[in-house]
Amino acid sequence: MKLGALYAVPVARKLGVCRSGARAFCLSLGVLALSACAWPQAPAGATDSQGQSVQLLLQRIDQLEARVKQLEAERTGAAANATPAPAQTTPPTTQTAPPSEGETEPSQPEPAERERLDFSKTLLRIRGFGDVNLRGGNTLTGETTSFSLGQLNLFVTSDVSDKFGFLSEIVFEGGPDNIYGQTVGSRNTFSVDVERMLMRYSYNDYFNLEAGRFHTAIGYYNTAYHHSAWLQTTTERPYLFEFEDRGGILPIHTVGVSASGLIPSGKLGLHYVAEVGNGRESRSPLSEEPVQNVVDEQTHKAFNLALFARPEAIRGLQAGFSVYHDLLTPNGEPPVGETILAAHAVFIRPSFEWLNEALVVRHTPEGQRRFETPAFYTQISKRFGSYRPYFRYEYLNGSAHEPIFPDVGRRQGPLVGIRYDASEFVALKLEYGHTAIRNQEALDALNLQLGFTF
Amino acid sequence: MAVSWLLCWGQPAARAGGPAPDVPNPLEDRLAIIVNTNNPVDDLSLAELRHIFLGERGHWPNARRITLVMMEPGQPERKALIRQVCQMNESDFSRRSLQGVYRGEVFASPKTLASPAGVRKFVFNVPGAIGYVRASDVDSSVKVVRVAGHLPGDKEYSLRIQATRPDK
Amino acid sequence: MSASEPAATHPVRRSRRGALSAISRYTYALLLLVVFFVEVGVGIFVIRDVRAASVEAQQMYARSVLGLRQIGELQYQAQETRRSTLYALTTNDSNLQVEYADQSREADRSVTEGIAAYLQEARMPKEVEVGRRLQQDWSAYLKVRDEVLASILEGSTKEAVDMDLSGGVPSFERVRQDLDEIKRLYDEQASEQLARVGASSRRSVVRLIGVLCFTLLFATFSVWAIQRARMLAAVQLAQLQMDFVAAVSHELRTPLAVIRSAADNIADGVVEGKEQLAKYGSVIRNQSRQITGLVNQILLYASTRDRKQHYLLQPLAVSEIVNSVEEHTAELARAAGFSVETHIEPDLPAVMGDLAALSQCLRNLVENAIKYGGPARWVGMRAFLQEGQSHPEVAISVQDRGIGIEESELPRVFEPFYRSPSVSAAQIHGTGLGLPIAKSIAEAMGGRLLVQSELDAGSVFTVFLPALTKRELPLARKIPQGDAVTQE
């Protein structure tokens, strides 16, 4: 081998190394280039995943909104079908459960109108009063011993708004009616009367306005006990506060407007009542409804003004008086001016009561003398545990020539009884009354009454 | 031993001597009359309270309707109010309330809540509400009314609850 | 060991030439350095872009995605506020009514706090405007809601219903629209930020691809250039080696031809008489010595490349070295007609070295001075003491007044087998090994060999050896050739 060839071999070897190294390097370049092309995938992929997350969240929000709307729609629909509210004083037992969790996904959102509240909702409250009697002896209703259904009184109220309220008393009672001595209707039949129906507006404690049919504010008893036998201590009302369709001498009911409220008087506690209404029917003989519910027989209106005090110094005391005036026009008779003056002083505590009322009914027919019919009663009772014995004496003296109610005559007499409160809302009363009537046989009556509220 | 001593060091001394005695809250037996914080009334006499809780008053001086908030029958707070303010028992109170509504003197029946927290929340939500809770149950969401010029913390405060709080 | 330092006739030209030679020598390293810095620079931009894109993506998530979640929660709680109020209407139980009122208030608290948080984070005027409007509408709705709740709790249902219809529904509708608008704003922001992130990502990718392509291209070119340079160097080395072989062959051929001719003549009987025979014998002897010297030089060079070469280091007097050189080169100088002038400074300290090696080293320098000494026929040898950078040095210089060395060739004179083209052209024979051998020996002794030359004026080759102090006079020891010499 030539010397030059020896030296050429390393050079050739080096050239070969150079070529193979270049090939390897080019290969690595290709790998790097491919990896560089793949590099944009990572950030783009990351960006795409973030965008997908945003979209998913937006979809979820839309689903939640739709579900809320559906739940509200279901709730308003369920509430529209709910029954009316229960009675008034006891805590209502009806409870409406809120919508449960874990419901399925909603389908479509409800329109916005369904979110509004239901107009048909009311808060009508109905309370009832009733009584069942066992009467013995000779009473105004007869001489037989009879079980007797008293009045079934549905007392309905409703809070129309913050200032307005509705009140009505619908009474079912058995007949017949006795209207100024005239027997109307058949016995043992029931009739229904709207004894009270009024809309009340209460601005504040000093001004309240009622319109409708209400109990005339004559005396105390009429506006205190109304048609509830359970509320009153005795089984029956005093003579002078008997209802018109039971032979009463007073205009117990008035259809008109009544304003009432406090009079700023400090601890004296003065109240006022001012009423104007149709007054009583005065056609004679009167055989129809004595209360002028729809049409007044005359344009002249009856007025009543009452004042009473409830002094704070003597808790439970109420004393007051009232003046009522109307013009009656009985058939074929001259007009009769009617004035009723009443005064009362009652002392009522939870365990003791003493009621005293006196009034005089003045009827002055035109061109004639004045007829006065005085009446009073006094009633006292005291509670001993669940028992409350009571005593009442009452007096009523009407003239035989009284132009409006000549048949009343003079009635007087005591009654004594005992009341047992079997429960908070049920009372049992046993009462004996003796009534002396002028020119008639005295009446003795024994009455057992079960009075209740529900 | 040293580790256990260290662990026990600093523990309350009551661990050795038994449980610590409960410190009685002086306001626990006081009945506080509470109204909404926006109510302008700050002071009521016992007679005025009686009129309010018997429904003989229907409106506050700002013409806002009075909404009575009572606790459920049987609660000592309710008993204390009926006895000391209305001066009657539960059945008389029910009868009187019913009579007031029947007469048309009382516009709306009282609301009945089950717990002092419920009474507080009701009074907080209703501007014309008035209720009662134990003085120790009062918080800043409601306003306490002076009764005859006295607050529940005063010695002369007259409304006391005699029955103990029922176990929860 | 440092390479020979080129000499220049002018300091400025010397520095420029030095810089250029350094640049040419380190071209590839400089190129790689430039590429490195370019890569770093672009890489910084790319990293910055990537980081900015990452930060923007995080901000987008924090602002838009979390914001949408926040708005969704606000919408739910607002609905909850209203729903709880409506539920209170469905019951007469005051306890439940109070419970629902509580739920409604708790939900409205969440909404109020959420609106406040949104206003705090709002930056754009549109966001602030919508946020404030929402706050006002929500406050208006809450006023109606409070009245509705109070009426419900008081029992005035109809009044509550009327109030809600007249005031609650429209105000709640406004709240709902405000929330929808906020959600729309978040959607728009999310879309914009997504677009920005995408653009930034694309920009980064393009830059990265550009950088990679540039890097790859440049790396390819660099590798090609380096491989090519190596190949050229190898080719050049091979060429040098071929030249050496040719030179050696030529050097050997001439004496061999003379020897063969003389032998032929003797064998042919041309030579008659003892005188002619003695003459032919003398020729054969001289040529044989020349061949032997050449072979020895080749072997000596090979031995200097052999790291296992051992030197006998001992303290040597400078005069001893110079005398040895004089002795070995006297005949050569006389034959060439050169005068050798020697000057040794008095009281020079001893040096550590191998006498034979140092003598060989200086002999090579003297032989070169004679070979390239030109018509001046003068060689000067001088020994003197010089202060080195950290240690005094003994310098022994060999000077001639010959043809000199071109400045561009100075860095190459110590390369093995290198011979200047001008020398070859002048037919001055040599192997190109003398100076590499001398340099190798000087470095093995712990010294250095420097050259200064000027064309047509001559050259000075100086060997610098560390001077021994009296304290450092060592014991003689052997050290391998190529290792750093340490003085004990």
Side-chain angles (χ1 to χ4, degrees), chain A residues 87-92 123 125 127 129 153 155 157 159 161-165 167 169 196 198 200 202-208 210 214-215 222-228 230-232 258 260-262 266-267 269 271 310-313 315-316 348-351 383 386 421 423-425 427 453, chain B residues 44-52 54-75 78 82-83 85-115 118 126-128 148:
Chain A
Q88 194 177 348
T89 55
T90 57
L123 280 176
R125 290 186 289 270
R127 190 92 194 191
F129 300 92
N153 181 356
F155 180 59
T157 57
D159 285 339
S161 74
D162 187 35
K163 299 287 184 190
F164 286 92
L167 182 151
E169 232 178 333
R196 283 195 291 171
L198 57 91
R200 177 184 173 126
S202 178
Y203 178 68
N204 56 22
D205 288 339
Y206 302 97
F207 182 74
N208 301 287
E210 294 172 353
F214 47 86
H215 282 181
N222 192 34
T223 56
Y225 298 109
H226 299 281
H227 291 264
S228 169
W230 173 81
L231 269 177
Q232 60 193 15
S258 170
S260 60
L262 279 173
K267 292 186 181 179
H271 294 68
R310 290 177 181 162
E312 289 180 10
R315 183 174 55 85
I348 297 179
R349 290 260 179 107
S351 303
R383 185 172 70 189
S386 299
D421 287 296
S423 79
E424 194 170 348
F425 303 114
T453 179
Chain B
L44 291 168
S45 64
L46 268 175
E48 285 169 331
L49 273 180
R50 185 164 181 273
H51 288 313
I52 288 171
L54 288 177
E56 294 170 6
R57 295 287 180 272
H59 297 83
W60 295 107
N62 60 0
R64 190 90 196 191
R65 195 169 82 178
I66 294 177
T67 303
L68 293 178
V69 185
M70 302 286 288
M71 295 187 75
E72 286 181 345
Q75 298 273 18
R78 179 182 171 111
I82 291 174
R83 190 181 58 250
V85 174
C86 305
Q87 293 177 347
M88 51 184 68
N89 60 24
E90 183 68 44
S91 60
D92 291 334
F93 180 77
S94 299
R95 184 193 173 96
R96 182 65 180 269
S97 300
L98 180 56
Q99 195 167 22
V101 175
Y102 190 59
R103 285 180 181 178
E105 292 174 356
V106 176
F107 210 28
S109 299
K111 305 294 179 186
T112 307
L113 278 298
S115 65
V126 180

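All heavy atoms count here, side chains included; hydrogens, waters and symmetry mates do not.
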Subject >> Greatest number of heavy atom pairs closer than 4.5 Å to chain A - which of B/Arg57, B/Met70, B/Met88, B/Arg64 >> reply: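 So the answer, after comparing B/Arg57, B/Met70, B/Met88, B/Arg64, is B/Arg57.
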**OP:** Would you mind telling me which of B/Arg103, B/Arg96, B/Glu56 has the largest number of heavy-atom pairs within less than 4.5 Å of chain A?
**Re:**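 Option with the greatest count: B/Arg103.
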Under 4.5 Å from a heavy atom of chain B, the part of [X] involved:
X: A/Thr453; value: side chain
X: A/His215; value: neither
X: A/Tyr225; value: both
X: A/Arg315; value: side chain
X: A/Asn153; value: side chain
X: A/Leu231; value: both

**OP:** Evaluate the side chain to side chain donor-acceptor pair (under 3.5 Å) criterion for residues A/Glu424 and B/Ser94: first the C-alpha distance (whole Å), next the side-chain angles of each, then the deciding distance (0.1 Å), finally the verdict.
**Re:** CA-CA 8 Å; A/Glu424 194 170 348; B/Ser94 299; 2.6 Å; yes
Original post:
Do we see a donor-acceptor contact under 3.5 Å between the side chains of A/Ser202 and A/Asn208?
Top reply: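 Judged by distance alone, the side chains do pair up.
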Original post:
With a 3.5 Å cut-off and no angle check, do the side chains of B/Gln87 and B/Arg50 form a donor-acceptor pair?
Top reply: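 Short answer, no.
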**OP:** Evaluate the criterion side chain to side chain contact (heavy atoms under 4.5 Å, CB included) for residue pair A/Phe155 and A/Arg196; output intermediate values, then yes/no.
**Re:** CA-CA 9 Å; A/Phe155 180 59; A/Arg196 283 195 291 171; 3.5 Å; yes
Original post:
Can you tell me how far the CG atom of A/Leu167 sits from the CG atom of A/Leu198, to the nearest 0.5 Å?
Top reply: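 Rounded to the nearest 0.5 Å, the CG-CG separation comes to 5.0 Å.
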Original post:
Nearest 0.5 Å, what's the CZ-CG distance between A/Arg310 and A/Leu262?
Top reply: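 Between A/Arg310 CZ and A/Leu262 CG, I get 9.0 Å after rounding to 0.5 Å.
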**OP:** Name the option with the most non-hydrogen atom pairs under 4.5 Å to chain B; the candidates are A/Asp205, A/Asn204, A/Asp421.
**Re:**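 Ranked by heavy-atom pairs under 4.5 Å with chain B, first place is A/Asp205.
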Original post:
Taking A/Tyr203, A/Tyr206, A/Phe214 one by one, which has the highest count of heavy-atom pairs under 4.5 Å against chain B?
Top reply: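 Looking at each of A/Tyr203, A/Tyr206, A/Phe214 in turn, A/Tyr203 comes out on top.
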Subject >> Aromatic ring proximity A/Phe129/A/His227, centre distance under 6.0 Å >> reply: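 No, the ring centres sit 6.0 Å or more apart.
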